[in-house]
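The next block holds one structure in the form of structure tokens; read it before the comments.
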Amino acid sequence: MQKTSDTTKLAAILGDRLLTPESTGFAETAEVFVGGPTRTPAAIARVRTAQEVAAVLTVVRETGLPLAVRSGGHHQARHGLVDGGVVLDLRLMDGVEIDAAAGVGRAQGGALAGEYIAAAAAHGLTTGFGDTGTVGVGGITLGGGIGYLSRRDGLTLDNLLGAEVVLADGRVVEANAEENPDLYWALRGGGGNFGVVTRLDLRLRELGTVTGGLMMWTPTPAALGTVLRAFAEGPEELSGMVNVMLAPPAPFVPAELHGKPIIMALLVHSGTAAEAADVLAPLRALDVLVDGVRELPYAAMFEGPGGPPSGAIGDARTGFLGAGTWSPDEAWAAAAIEAVSGAAGPSAVNIRPMGGAIARVDPAATAFAHRDPAFMITIGGSAPSLEALPAAEAWVARTAEALGVTGRGYVNFMGTASEQDVRNAYPEATLARLREVKRAYDPANLFTSNHNVAPYGTE
Ligand SMILES: Cc1cc2nc3c(=O)[nH]c(=O)nc-3n(C[C@H](O)[C@H](O)[C@H](O)COP(=O)(O)OP(=O)(O)OC[C@H]3O[C@@H](n4cnc5c(N)ncnc54)[C@H](O)[C@@H]3O)c2cc1C
């Protein structure tokens, strides 16, 4: 009964944009990218303005209902879905304004990366996100944002110039280098801990044609070393990601390779094919199985399906490798290939080059402090059903151990959100500073469905 009157208060604010389990479209709206055990929210609040966000937060504060904030709904830990609580759904706030003269892209808090990239591309401009257009600008930016342009332009959060934030007490504030600089610092890596971000101002750069696409190689330790060295030692115009994985049954993969271990890269060189030729030469000298790298508009890198289908179940662990231009030795590369060869289902060791512009930022300048590693690594295991999830989790744990993936990690790729994960995401000094900002902006810890920075925890 209590819940019904609570949701009635929300319906008075949002009308038919307040969905309860009885509403048409509730199940589809509640869906997040990653599947898992059932979580049924009491209500989904489909807000359109910062003022509506503030009004919903007032009801949440008064009723004590658990709260989740979601934009793209892609986080592996399923932060955007809270059982028995209110999902503050930002997806109707998907506006993107490209101010070419100022060099600033302004995205509402529920816009998707692909929507932003398409709008910016119309002006020959862009901001670097990841490799997938269906990820929310809000989630990827507040946690980090590593992708096709990050060695050249830094993480997405390094390009966040400012934001409009609805705080836990309902105030709507700006956060940038001049206004609320402590909040601005915390937003760049601290995730959804500090408020609901209703507008993100991002630095734009000119980018039209790039040389990019997918390459695939026969997996040998030497080949993996060569591929990773090409990224670590190559020019900053080259970024991307490398997967050691079982070849998916996709149309661009020759049928005889389906289910076999491969090395695969999705890459972008921000230049013409002629400019990229020397950089790509060592990759093309390997035993190439597929070479789809060509000149194309940058925005075309985000067309097509964005990874595994919605509802995929799995587990993921992240970490970092080496420093500077480190690349793996043969034994490590062999262990990665062996682990994937023994995986039961679609599983991958995903390795992303860092360095370049990422490493030039002072670790204390943003709440994302892992500036020195050579690579970020994520071990992802998929399960065909909930029953098979423990086997996927065991594979992820075994592989993490074999590859030395322990300790610090990237908050946006963490499959779980324990206190230890939070400590892995933030070095001690960063976490202490995040707690200070949390005490100033969300002392009652209203925003908990995230990698939670508890206001009064200990490091
Ligand atoms: C297929 C796939 C590909 C990916 N590729 C990359 C990649 O290339 N590079 C990379 O860095 N990451 C990548 N990611 C990880 C991705 O960055 C994170 O999952 C990110 O959290 C997703 O953001 P979201 O808004 O879609 O998710 P949500 O689940 O909606 O949100 C995630 C977290 O951010 C908070 N949040 C989101 N928006 C707001 C907002 N406006 N205000 C306040 N809090 C907010 C939520 O409360 C939640 O805690 C990928 C994930 C998937 C599933």
Side-chain angles (χ1 to χ4, degrees), residues 9-15 17-18 43-72 79-80 85-97 99 102 104-111 116 136-143 156-157 159-203 366-367 434 436-450 453 455:
K9 285 185 199 162
L10 291 169
I13 302 164
L14 298 170
R17 286 184 284 113
L18 191 274
I44 304 173
R46 308 202 77 198
V47 290
R48 280 214 176 115
T49 62
Q51 289 65 37
E52 285 183 354
V53 171
V56 170
L57 294 183
T58 301
V59 175
V60 167
R61 271 196 323 273
E62 287 170 356
T63 59
L65 280 169
L67 171 71
V69 178
R70 71 159 286 174
S71 56
H79 290 314
V86 176
V87 172
L88 202 158
D89 180 350
L90 294 164
R91 275 296 290 135
L92 296 179
M93 296 182 69
D94 62 356
V96 176
E97 182 196 308
D99 184 344
V104 179
R106 299 185 186 94
Q108 283 190 301
Y116 180 102
V137 170
I140 192 168
T141 307
L142 299 178
T156 311
L157 56 76
N159 294 290
L160 182 69
L161 300 169
E164 178 187 79
V165 189
V166 185
L167 300 177
D169 64 9
R171 275 181 301 146
V172 182
V173 301
E174 294 288 329
N176 52 50
E178 280 82 41
E179 294 169 272
N180 300 302
D182 51 347
L183 178 60
Y184 175 53
W185 173 85
L187 290 178
R188 289 173 293 157
N193 269 289
F194 305 95
V196 181
V197 177
T198 42
R199 195 198 71 243
L200 300 97
D201 304 338
L202 293 154
R203 183 184 295 116
T366 66
L434 282 169
E436 244 177 69
V437 182
K438 183 80 171 174
R439 287 196 288 274
Y441 291 91
D442 182 21
N445 207 0
L446 194 70
F447 302 109
T448 50
S449 189
N450 44 42
V453 174

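What you are looking at is a predicted structure, and each value in this text was computed from that prediction instead of being measured. Just so you know, these numbers use all the heavy atoms, side chains as well, and skip hydrogens, waters and symmetry mates.
A heavy-atom distance below 4.5 Å is not found between the side chains of Gln108 and Leu90. Within the 4.5 Å cutoff, the side chain of Asp182 has no heavy atoms near those of the Glu436 side chain. The shortest side-chain heavy-atom distance between Leu57 and Leu88 falls under the 4.5 Å cut-off. Between Leu65 and Leu67, every side-chain heavy-atom pair lies at or beyond the 4.5 Å cut-off. Under the 4.5 Å side-chain criterion, counting only non-hydrogen atoms from C-beta, Val437 is not in contact with Val453. Between Leu18 and Ile13 there is no side-chain heavy-atom pair separated by less than 4.5 Å. Residues Leu434 and Asn193 form no side-chain contact, since every pair of their non-hydrogen atoms from C-beta on lies 4.5 Å or further apart.
Taking all atoms of both residues into account, the shortest heavy-atom contact from Gly136 to Ser71 is CA-OG, 3.9 Å. Of all heavy-atom pairs between Gly162 and Asn176, the closest is CA-CB, 4.0 Å. Across Pro181 and Ala177, no two heavy atoms sit closer than the pair CB-O, 3.7 Å. Taking all atoms of both residues into account, the shortest heavy-atom contact from Gly80 to Ala68 is C-CB, 4.0 Å. Nearest approach of Ser449 to His79, heavy atoms of both residues: OG-O, 2.6 Å. Of all the heavy atoms in Arg439 and Pro443, the pair that sits closest is O-CB, 3.4 Å.
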(request) Give the C-alpha distance, both sets of side-chain angles, the deciding distance and a yes or no for side-chain contact (heavy atoms from CB on, under 4.5 Å) between Leu202 and Val137. (result) CA-CA 10 Å; Leu202 293 154; Val137 170; 4.0 Å; yes

(message) Show, in sequence, the C-alpha distance, side-chain angles and deciding distance for Asp99 and Arg106, and conclude whether the side-chain contact (heavy atoms from CB on, under 4.5 Å) test is met.
(response) CA-CA 8 Å; Asp99 184 344; Arg106 299 185 186 94; 3.3 Å; yes

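Residue Asn180 holds its CG atom at 9.5 Å from CG of Leu187, rounded to the nearest 0.5 Å. One finds the CG atom of Asp201 at 11.0 Å from the OG1 atom of Thr141 (value rounded to the nearest 0.5 Å). Here Phe447 contributes atom CZ and Tyr441 contributes atom OH; the two are 13.0 Å apart, rounded to the nearest 0.5 Å. To the nearest 0.5 Å, the span separating CZ on Arg17 from CZ on Arg46 amounts to 9.0 Å. From Arg48, atom CZ reaches atom CG of Asp94 across 10.0 Å, with rounding to the nearest 0.5 Å. In this structure, CG on Leu14 lies 12.0 Å from CD1 on Ile44, to the nearest 0.5 angstrom.
Using a cut-off of 4.0 Å between Lys/Arg side-chain N and Asp/Glu carboxylate O, Arg199 and Glu174 are scored as salt-bridged.
Only one option out of Val172, Val197, Val47, Val165 pairs with Val53 in a side chain to side chain contact (heavy atoms under 4.5 Å, CB included); it is Val47.
With sequence neighbours excluded, no residue forms a side chain to side chain donor-acceptor pair (under 3.5 Å) with Tyr184. Under the rule for a ring pair (Phe, Tyr, Trp, His ring centres under 6.0 Å), the partners of Tyr116 that lie at least two apart in sequence or sit in another chain are Phe129. For Arg171, the side chain to side chain donor-acceptor pair (under 3.5 Å) criterion is met by Asp169, not counting sequence neighbours.
Side-chain N or O atoms of Thr198 include none that pairs as donor or acceptor with a backbone N or O of Gly109 at under 3.5 Å. In this structure, Arg188 contributes its side chain and Ala367 its backbone to no donor-acceptor pair below 3.5 Å.
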